Amino acid sequence: MKAFLRTPDTELNRICITCTAPQNDGETIAFTNEWKVILHPDQSGLGSCIVAPLRHVARMADLNDVEWQGFKEVVSELEPALEVTFGAKLVNLSCLKNWAYREHNPDPPYLDGKPNPHVHWHVVPRYESAVLFAGVEFKDPTFGEPFEWRRIRAQKVRRQIIQAIQSELNLEFVETQEHT
């Protein structure tokens, strides 16, 4: 997997933030030629990430064989890294595109008046007991049940979470200008 040599400059794509190039997304943890891993905005599950293809793909059926293989490789590195880094008991993966179809505040925003979904996976570490990270306690009150997002942004420790995951991954560092 590849990551950044420096913290990227944030310059989100306004039409689809998931399409933002990894070098322009300040929440990027790592990327490959096909995929990027970003820290999820909600840290209800410490270390929650989003794995998204670098090109805009509306349906999973539209992913090509190289992208599917790349997804397997990303997950095979990311899942154990989250278990080791934070002591997660297990890691859940889910593909949700529902927000693209919301009438109010769709995410990503509508394109030409129509929903504009972008395939992505939520990667959520699950914890049997509370975890203390960088002085902040994270709890998983629904462990053993479906995960519930609680809008925990963890603003003060986001950079530390990203760095902790990066240090556990087998990363090959590259200059950000190399990847477009």
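Because the structure is predicted, anything quoted here is derived from the model rather than measured.
Within the 4.5 Å cutoff, the side chain of Glu148 has no heavy atoms near those of the Pro141 side chain. At least one side-chain heavy atom of Ile152 sits less than 4.5 Å from a side-chain heavy atom of Asp42. Ile38 is not listed as a side-chain neighbour of Phe31, based on a closest heavy-atom distance of 4.5 Å or more. Side-chain contact between Val66 and Glu34: present, with at least one pair of heavy atoms (C-beta onward) separated by less than 4.5 Å. Contact check for Ile29 versus Cys49: side-chain heavy atoms found under the 4.5 Å cut-off. Between Thr32 and Glu73, every side-chain heavy-atom pair lies at or beyond the 4.5 Å cut-off. Side-chain contact between Arg158 and Glu27 is present, with heavy atoms from C-beta onward closer than 4.5 Å. Contact annotation: the side chain of Thr20 approaches that of Lys36 to within less than 4.5 Å [non-hydrogen atoms, C-beta and beyond].
Grouping Ile, Leu, Val, Met, Phe, Trp and Tyr by side-chain contacts under 4.5 Å, direct or through others, leaves Val84 on its own.
Considering Leu63, Val119, Val51 in turn, Val51 is the only one that fulfils the side-chain contact (heavy atoms from CB on, under 4.5 Å) rule with Phe71.
Ring geometry, His56 versus His118: the interplanar angle exceeds 60°, so the pair is classed perpendicular (tilted spans 30 to 60°). Between Trp68 and Trp121, the ring-plane angle classifies as perpendicular under the 30° and 60° cut-offs.
Without hydrogens or angle criteria, Arg150 side chain to Asp140 main chain gives no donor-acceptor distance under 3.5 Å. Using a distance-only test at 3.5 Å, with no hydrogens or angles considered, no donor-acceptor pair links the side chain of Trp35 to the main chain of Val74. Judged by distance alone, with hydrogens and angles left aside, the side-chain atoms of Gln160 form no donor-acceptor pair with the main-chain N or O of Ala164 at under 3.5 Å. At distances below 3.5 Å, at least one donor-acceptor pair connects side-chain atoms of Thr28 with backbone N or O atoms of Pro22.
In terms of heavy atoms, Val75 sits closest to Pro80 at O-CD, 3.9 Å. Ala134 approaches Val157 most closely through the heavy-atom pair CB-CG1, 3.7 Å.
Under a hydrophobic-cluster definition in which Ile, Leu, Val, Met, Phe, Trp and Tyr are linked whenever side-chain heavy atoms come within less than 4.5 Å, directly or via other members, Phe86 and Phe147 are assigned to different clusters. Hydrophobic clustering places Phe133 together with Val123 (ILVMFWY residues linked when any side-chain heavy atoms are closer than 4.5 Å, directly or through intermediates). Residues Leu171 and Leu82 share a single hydrophobic cluster, defined by chaining ILVMFWY side chains whose heavy atoms lie under 4.5 Å apart. A chain of hydrophobic side-chain contacts below 4.5 Å, direct or via other Ile, Leu, Val, Met, Phe, Trp or Tyr residues, connects Ile165 to Met1. Transitive grouping of hydrophobic side chains (ILVMFWY, heavy atoms separated by less than 4.5 Å) keeps Val124 and Leu39 in distinct clusters.
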For the pair Asn170 and Glu77, evaluate side chain to side chain contact (heavy atoms under 4.5 Å, CB included) and give the outcome as yes or no after the intermediate values. CA-CA 8 Å; Asn170 181 21; Glu77 290 185 39; 4.1 Å; yes
Chi angles and distances behind the side chain to side chain contact (heavy atoms under 4.5 Å, CB included) call for Ile50, Val37: CA-CA 6 Å; Ile50 294 173; Val37 179; over 6 Å; no
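No close placement of the Tyr127 and Phe138 rings is indicated, their centers lying 6.0 Å or farther apart.
For the atom pair Arg55 CZ and Cys19 SG, the distance stands at 10.5 Å (nearest 0.5 Å). Interatomic distance, CD of Gln43 versus CH2 of Trp149, reported as 7.5 Å (0.5 Å rounding). Between the CZ atom of Phe143 and the CZ atom of Arg126 there is a distance of 7.0 Å, given to the nearest 0.5 Å. Between atom CG of residue Leu46 and atom NZ of residue Lys139 there is a gap of 14.0 Å, rounded to the nearest 0.5 Å. Going from atom CG of Leu54 over to atom CG of Asn33 covers 8.0 Å, rounded to the nearest 0.5 Å.
By the salt bridge (Lys or Arg N to Asp or Glu O under 4.0 Å) test, Asp62 pairs with Arg59, sequence neighbours left out.
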Scan the side chains in residues 87-96 for donor-acceptor partners under 3.5 Å anywhere in the protein, sequence neighbours excluded, and list what turns up.
none

